[in-house]
*Asks:* 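The structure is given below, and queries will be raised subsequently.
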Amino acid sequence: MEHLIDRAARDIMASKRTIALTGAGISVESGISPFRGKGGLWEKYDPEEYASISSFMKDPARSWTLLAGMLDVIKSARPNPGHLGLAELERMGMLKCIITQNVDGLHQLAGNTDVIEFHGNNRWLVCLDCGKRYPIEWVSPKEIPPRCECGSIKVKPDAVFFGEPIPPEALHRSYSESQNCDLMLVIGTSAVVYPAASMPQVAKRARAKIIEINPEATPFTTSISDYLIQGTAADIIPRIVARIKALASKTT
Ligand code: NAD
Ligand code: ZN
């Protein structure tokens, strides 16, 4: 394991343009459960039933029985050492941007300034009838579903629901950042949700190195990853950052 931490530190230092692709796994240690795997949210709830745009439009109140709990978790979640390590890499000039599939806003809270949100954001809500936007704090547990000033209960988190398109700007920028990087850190994503999962393939075709950080192997591990550092984000990322600092202090 230690030799892989060292290898990643050296690869990042040698890279001219490192970017990260993150998934639900990086937020697990902040208390937000992922979609897939043990303890995943969708063992209990069927996404097609609760978090698809068609079912939301049909019956917002029903979708809100799940959304209220999710928003509560996100509201109180704090960045973990994995998020903080990526923010530090950005400050050190060693991470250009993050493409995230997460909707929890934790990368920005950690201090990253260039975050492409592939699936939107649950920290804001939008009324589908009048367009008014509200911050997450506006939602009161006493009024579920929340009701917009205009009277509508079609107030939806600004995240991409099943059946909704990826915001075109995020999609476009993700492709171009993936094409232009020479190193991609793929952290805590199961590599099955497309088109997000195609970003490492785009990077690989452009000859970038792919380093995975995940406690488990994914479909990328044996296909396009250069190597997998098997462990959790909150453990591995700070160790890589510490190794970079140690190597940098030796050379100066
Ligand atoms: P996923 O749920 O499909 O897979 C999670 C991955 O994280 C798995 O490969 C798992 O092995 C790994 N993992 C588990 N614990 C980890 C840890 N401590 N450190 C690092 N990796 C860990 O996640 P996905 O690929 O992001 O796809 C799920 C979709 O659901 C996303 O598109 C996202 O929009 C949405 N989602 C977001 C959140 C969030 O915002 N935090 C949470 C759940 C789901
Ligand atoms: Zn409204």
Side-chain angles (χ1 to χ4, degrees), residues 20-43 45 47 50-51 60 66-67 69-71 73-75 77-83 85-86 98-109 115-123 125-134 136 138 145-162 164 166-167 170 174 185-200 212-221 225 228-238:
L21 172 70
T22 65
I26 196 170
S27 295
V28 165
E29 285 149 302
S30 293
I32 304 176
S33 60
F35 274 13
R36 289 167 197 80
K38 276 184 244 88
L41 212 47
W42 307 116
E43 277 178 6
Y45 296 97
Y50 286 87
L66 167 68
L67 292 172
M70 273 176 89
L71 260 52
V73 172
I74 286 180
K75 210 163 32 175
R78 290 289 161 263
N80 68 54
H83 299 105
L86 291 184
I98 298 176
I99 303 169
T100 190
Q101 303 173 70
N102 297 343
V103 294
D104 55 33
L106 290 180
H107 286 305
Q108 291 91 327
L109 272 183
V115 182
I116 304 170
E117 291 181 311
F118 212 85
H119 291 155
N121 191 315
N122 257 355
R123 287 189 181 268
L125 299 113
V126 60
C127 171
L128 298 183
D129 280 322
C130 75
K132 192 169 166 64
R133 288 166 64 82
Y134 297 93
I136 191 172
W138 166 81
R147 188 177 292 274
C148 178
E149 269 170 23
C150 77
S152 169
I153 58 160
K154 287 196 186 122
V155 181
K156 180 187 155 293
D158 211 3
V160 175
F161 276 28
F162 292 92
E164 285 190 299
I166 307 292
S174 298
L185 304 170
V186 178
I187 307 166
T189 171
S190 60
V192 295
V193 180
Y194 281 85
S198 58
M199 295 307 147
E212 266 193 283
I213 300 173
N214 199 311
E216 295 180 34
T218 74
F220 290 143
T221 309
S225 292
L228 163 71
I229 309 183
Q230 201 155 6
T232 72
D235 177 36
I236 302 295
I237 297 169

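Start at 1 and go down the list; that is how both ligands and their atoms are numbered.
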*Asks:* Which of the numbered atoms in ligand 1 are below 4.0 angstrom from a heavy atom of V103?
*Replies:*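 Answer, ordered by atom number: 39 (C), 40 (O).
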*Asks:* Is there at least one pair of N or O atoms, one from E216 and one from ligand 1, spaced under 3.5 Å apart?
*Replies:*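 In this structure, E216 places no N or O atom under 3.5 Å from an N or O of ligand 1.
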*Asks:* Mark up the atoms of ligand 1 that fall under 4.0 Å of a heavy atom belonging to D104, in ascending order.
*Replies:*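 With D104 as reference, the close atoms of ligand 1 come out as 39 (C), 40 (O), 41 (N).
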*Asks:* Within ligand 1, which atoms have a heavy atom of S33 less than 4.0 Å away?
*Replies:*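 Ligand 1 atoms under the 4.0 Å threshold to S33: 42 (C), 43 (C).
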*Asks:* Among E212, Q230, E216, whose side-chain hydrogen bond (donor to acceptor under 3.5 Å, both in side chains) with T221 holds?
*Replies:*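 That would be E212; it is the only one of E212, Q230, E216 passing the side-chain hydrogen bond (donor to acceptor under 3.5 Å, both in side chains) with T221.
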*Asks:* Rounded to 10°, how big is the angle at the Zn ion (ligand 2) from C150 SG to C130 SG?
*Replies:*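 The two atoms form an angle at the metal of about 110°.
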*Asks:* I need the atoms of ligand 1 closer than 4.0 Å to a non-hydrogen atom of G23, numbered in the order shown.
*Replies:*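 Those qualifying, in numeric order: 26 (O).
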*Asks:* Nearest non-hydrogen contact with atom 24 (P) of ligand 1 belongs to which option: A51, A24, G120?
*Replies:*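 Answer by nearest heavy atom: A24.
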*Asks:* At under 4.0 Å between heavy atoms, which part of T232 makes contact with ligand 1: side chain, backbone, both or neither?
*Replies:*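 Answer for T232: both.
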*Asks:* Should one rank S27, G188, A197 by closest heavy-atom distance to atom 6 (C) of ligand 1, which comes out on top?
*Replies:*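 The residue whose heavy atom sits nearest atom 6 (C) of ligand 1 is G188.
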*Asks:* Any side-chain to backbone donor/acceptor pair from N102 onto A24? Under 3.5 Å, distance only.
*Replies:*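 Flag set: sc N102 to bb A24 pair under 3.5 Å.
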*Asks:* Any nitrogen or oxygen of H119, main chain or side chain, under 3.5 Å from a nitrogen or oxygen of ligand 1?
*Replies:*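 Indeed, backbone or side chain, H119 has an N or O that close.
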*Asks:* Check ligand 1 against V193 and write out every atom of the ligand that is under 4.0 Å from a heavy-atom position of the residue.
*Replies:*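 Counting from 1, the qualifying ligand atoms are 27 (O).
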*Asks:* Given that the side chain starts at C-beta and the backbone is N, CA, C, O, which of these parts of V28 lies under 4.0 Å from ligand 1, counting heavy atoms, or is it both or neither?
*Replies:*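 Side chain only.
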*Asks:* Given P215, S190, A233, A217, which has its nearest heavy atom closest to atom 21 (N) of ligand 1?
*Replies:*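 Heavy atom nearest to atom 21 (N) of ligand 1 belongs to P215.
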*Asks:* Determine, considering heavy atoms only, which of Q101, Q230, E117, E212 sits nearest to atom 33 (C) of ligand 1.
*Replies:*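 The residue whose heavy atom sits nearest atom 33 (C) of ligand 1 is Q101.
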*Asks:* Run through Q101, H107, Q108 and flag the one making a side-chain hydrogen bond (donor to acceptor under 3.5 Å, both in side chains) with E117.
*Replies:*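 Only one option passes, and that is Q108.
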